[in-house]
2 protein chains.
Amino acid sequence: MLNKEKITSRKEKAIETKKKIYASADRLFRKHGFDKVSVDSIVEMAGVSKGAFYVHFGSKNALITALSVDFVQQLDLDYKSYLESFPADTTASDILIALVGKIADVITLTVGYDVMKVIYEVQITKTVNTEAVLGYNRDLYKIFNNIINQGVQQGEFKTELTVDTITKHLIMAIRGLTYEWCIRYPNFNLKEQALKHFGILLTGIKKQ
Amino acid sequence: MLNKEKITSRKEKAIETKKKIYASADRLFRKHGFDKVSVDSIVEMAGVSKGAFYVHFGSKNALITALSVDFVQQLDLDYKSYLESFPADTTASDILIALVGKIADVITLTVGYDVMKVIYEVQITKTVNTEAVLGYNRDLYKIFNNIINQGVQQGEFKTELTVDTITKHLIMAIRGLTYEWCIRYPNFNLKEQALKHFGILLTGIKKQ
DNA sequence: TACAGTCACCGACTACAGTCACTATATATT
DNA sequence: AATATATAGTGACTGTAGTCGGTGACTGTA
């Protein structure tokens, strides 16, 4: 029987090939944008065949998603460290508002429209498993969960809804805002609208 | 100079061609779903050339959008007549909650996942002008505006935000919920989540 | 060492959206 | 009526994502 774990020279080479494709794609996408880069150009730069591409990635979108996932995970780490800069006695609402502003900044300034658009498009076309972006154990959910939990503990938020439920609704709202930003681009100020929207949502969650 | 208004036999024939394409597409889409119908098969059924298709529709998505727009306008009319069945003294909140439930029902039961998915996908890929679906003068905005205005007049809602602003935020929330439903399909109960979400939003809008 | 099985890889091929130079003919102009 | 112009319509062609039967180097086994 073949040992599934052993890393043979053959598998090493395969991993090497995958990395080459990934790296070429990354360079080309950054240079020309997602739309203008074809699979053919990626495999040409990587020096492999088209067949090899589809051995390692189920589709062009799957590759884009893989790149996005790396990106999203990095972003979540950034949000985490951003929060560590806050004084311990900041209220949960204030933290949430600050975080939402930060997220809006990152999306509009760092990530940018082209990339966000593709991520949202891929999610809806479902050609790819986007668990890492959508999954409820994504870091962003944990971050929100912690803040909201703190708000509930300190009697700032209502207890009618579970912490988990509130978390899901708030992150859904961010996704909705970002979707709206994408479809109305460039006629929609994400940060301004996000802060206003969270003003409403937080009022609905706070104790009267 | 050519008279732009006159309906010549030539223009009649052109309209006829457009209708044939439209009708063939409608039949094929209903039968096989959007993804499995090619432009070639549409023009074959309509008995016209591919070039004719692109004379009348800028892209395949433009045709899908045209079909969607008809659909959406019909839905908005349905919502309007649904509201007329309410007693005059119903509170604005109650009307809104009922309407949101109705919309969720229509989306999940009447329109269905396949069609919603395409509408949301077309909007984000922006290959087409989706003004009729997104435009702030869409009937749905007017409907919401009336209800919210009533709520403000009767002192039920806060006056910090304008009626217009509230309308936009609520419809954005519906879009966000529907997007979430699409990307989590079939693991997301739209009606349940929409009602819960509007519970939060309305609390944030009502006078304390 | 011989050999059978596997699998990473190859690249010609298919399917399909969209383009464009051209044709045919209805309409406007003289 | 003769001619010029505008435009609906044509279909071969292009570009690109994705497919699939074939190949040979590498693997574990006897």
Side-chain angles (χ1 to χ4, degrees), chain A residues 1-22 24-25 28-29 32-67 118 121-122 125-129, chain B residues 1-22 24-25 28-29 32-67 118 121-122 125-129:
Chain A
M1 193 194 92
L2 275 168
N3 187 337
K4 285 176 192 170
E5 304 306 318
K6 196 190 252 171
I7 293 167
T8 59
S9 74
R10 197 185 207 174
K11 277 179 187 163
E12 255 176 54
K13 213 187 144 209
I15 292 170
E16 208 54 41
T17 301
K18 186 167 186 176
K19 276 187 188 162
K20 271 194 287 185
I21 295 170
Y22 196 87
S24 302
L28 288 171
F29 283 147
H32 301 111
F34 288 114
D35 296 340
K36 286 167 195 158
V37 176
S38 66
V39 174
D40 284 332
S41 69
I42 294 169
V43 298
E44 191 193 354
M45 183 186 240
V48 301
S49 74
K50 206 163 185 180
F53 181 96
Y54 284 94
V55 166
H56 295 291
F57 299 95
S59 65
K60 188 184 176 185
N61 274 342
L63 169 60
I64 293 173
T65 305
L67 283 159
V118 173
E121 189 186 328
V122 168
T125 52
K126 283 241 190 81
T127 44
V128 168
N129 175 18
Chain B
M1 194 193 91
L2 277 168
N3 187 336
K4 285 176 191 169
E5 304 306 318
K6 199 192 254 170
I7 292 167
T8 60
S9 74
R10 194 185 206 173
K11 275 179 189 165
E12 257 175 53
K13 214 190 142 206
I15 291 168
E16 210 52 43
T17 301
K18 186 167 186 175
K19 275 187 189 163
K20 272 195 286 183
I21 295 170
Y22 195 87
S24 302
L28 288 171
F29 283 147
H32 301 112
F34 290 112
D35 296 340
K36 286 165 195 160
V37 176
S38 65
V39 173
D40 284 330
S41 69
I42 294 169
V43 298
E44 192 194 355
M45 183 187 242
V48 300
S49 73
K50 204 163 185 180
F53 181 96
Y54 284 94
V55 166
H56 295 289
F57 299 96
S59 66
K60 189 184 176 185
N61 274 341
L63 169 60
I64 293 173
T65 304
L67 283 159
V118 173
E121 189 186 328
V122 168
T125 51
K126 282 240 191 81
T127 43
V128 169
N129 174 17

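Naming: A, B, ... by sequence-line order, numbering from 1 per chain.
In this structure, CD1 on A/Ile15 lies 7.0 Å from CD on A/Glu12, to the nearest 0.5 angstrom. For the atom pair NZ of A/Lys20 and NZ of A/Lys13, the computed distance is 7.5 Å after rounding to the nearest 0.5 Å.
Straight-line distance from the CD atom of A/Glu44 to the P atom of C/dC9: 18 Å, rounded to whole Å. Note: CG (B/Asn61) to P (C/dA17) measures 10 Å, nearest angstrom. What separates NZ of A/Lys13 from C1' of C/dT6 is a distance of 15 Å, to the nearest Å. If you measure from atom CZ of A/Phe57 to atom P of D/dT16, you get 20 Å, rounded to the nearest angstrom. Here D/dA17 presents its P atom at 13 Å from CD of A/Glu121, a figure rounded to the nearest Å. Across the protein-nucleic acid pair, B/Lys11 atom NZ and C/dA26 atom P stand 15 Å apart, rounded to whole Å. D/dG11 atom P lies 16 Å from atom OH of B/Tyr54, rounded to whole Å. One atom, CD1 of B/Ile42, and another, C1' of C/dA15, lie 15 Å apart when rounded to the nearest Å.
Counting non-hydrogen atoms under 4.0 angstrom, B/Val37 reaches the backbone sugars and phosphates but no base. As judged by a 4.0 angstrom heavy-atom cut-off over every strand, A/Val55 is placed among the base-contacting residues. Nucleic acid contact class of A/Ala14 (heavy atoms, under 4.0 Å, all strands): sugar-phosphate only. Among the protein residues, A/Lys50 comes within range of the nucleic acid bases, having at least one heavy atom under 4.0 Å from a base atom.
In this structure, of D/dA8, C/dA17, D/dG9, it is C/dA17 that holds the atom nearest to the side chain of B/Ser38. Minimum atom distance to the side chain of A/Ser9 is reached by D/dC26, of the listed D/dT10, D/dC26, C/dT25. Distance from the side chain of A/Arg10 is smallest to D/dA25 among D/dA25, D/dG18, C/dG18. If you check D/dG18, C/dG11, D/dT10 against the side chain of A/Ser49, the one that comes closest is C/dG11. Listed nucleotides: D/dT27, C/dC9, D/dG9. Nearest to the side chain of A/Thr8: D/dT27.
Residues B/Lys18 and B/Ile21 have side chains not in contact (no heavy-atom distance under 4.5 Å, counting atoms from C-beta outward).
For A/Gly51 and A/Asp35, each mapped to the nucleotide of DNA chain D holding its nearest heavy atom, the one lying further toward the 5' end belongs to A/Asp35.
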Distance-only donor-acceptor hits, side chain of residues 55-66 of chain B, under 3.5 Å, sequence neighbours excluded:
residue, atom, partner, partner atom, Å
B/Ser59, OG, B/Asn61, N, 3.4
B/Ser59, OG, B/Ala62, N, 3.0
B/Lys60, NZ, B/Val37, O, 2.6
B/Asn61, ND2, B/Thr127, OG1, 3.2
B/Thr65, OG1, B/Asn61, O, 2.7

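Across all their heavy atoms, B/Thr17 and B/Ala52 have their closest contact at CG2-CB, 4.5 Å.
Remark: D/dT29 base-pairs with C/dA2; criterion is Watson-Crick or G-U wobble with both hydrogen-bond distances under 3.5 Å. Remark: C/dA8 base-pairs with D/dT23; criterion is Watson-Crick or G-U wobble with both hydrogen-bond distances under 3.5 Å.
Residue pairs meeting the salt bridge (charged side-chain N to carboxylate O under 4.0 Å, His left out) criterion with at least one member in residues 33-53 of chain A, sequence neighbours excluded, are A/Asp40-A/Lys50.
An OP1 or OP2 oxygen of D/dA17 is reached within less than 4.0 angstrom by no side-chain nitrogen or oxygen of A/Ser59.
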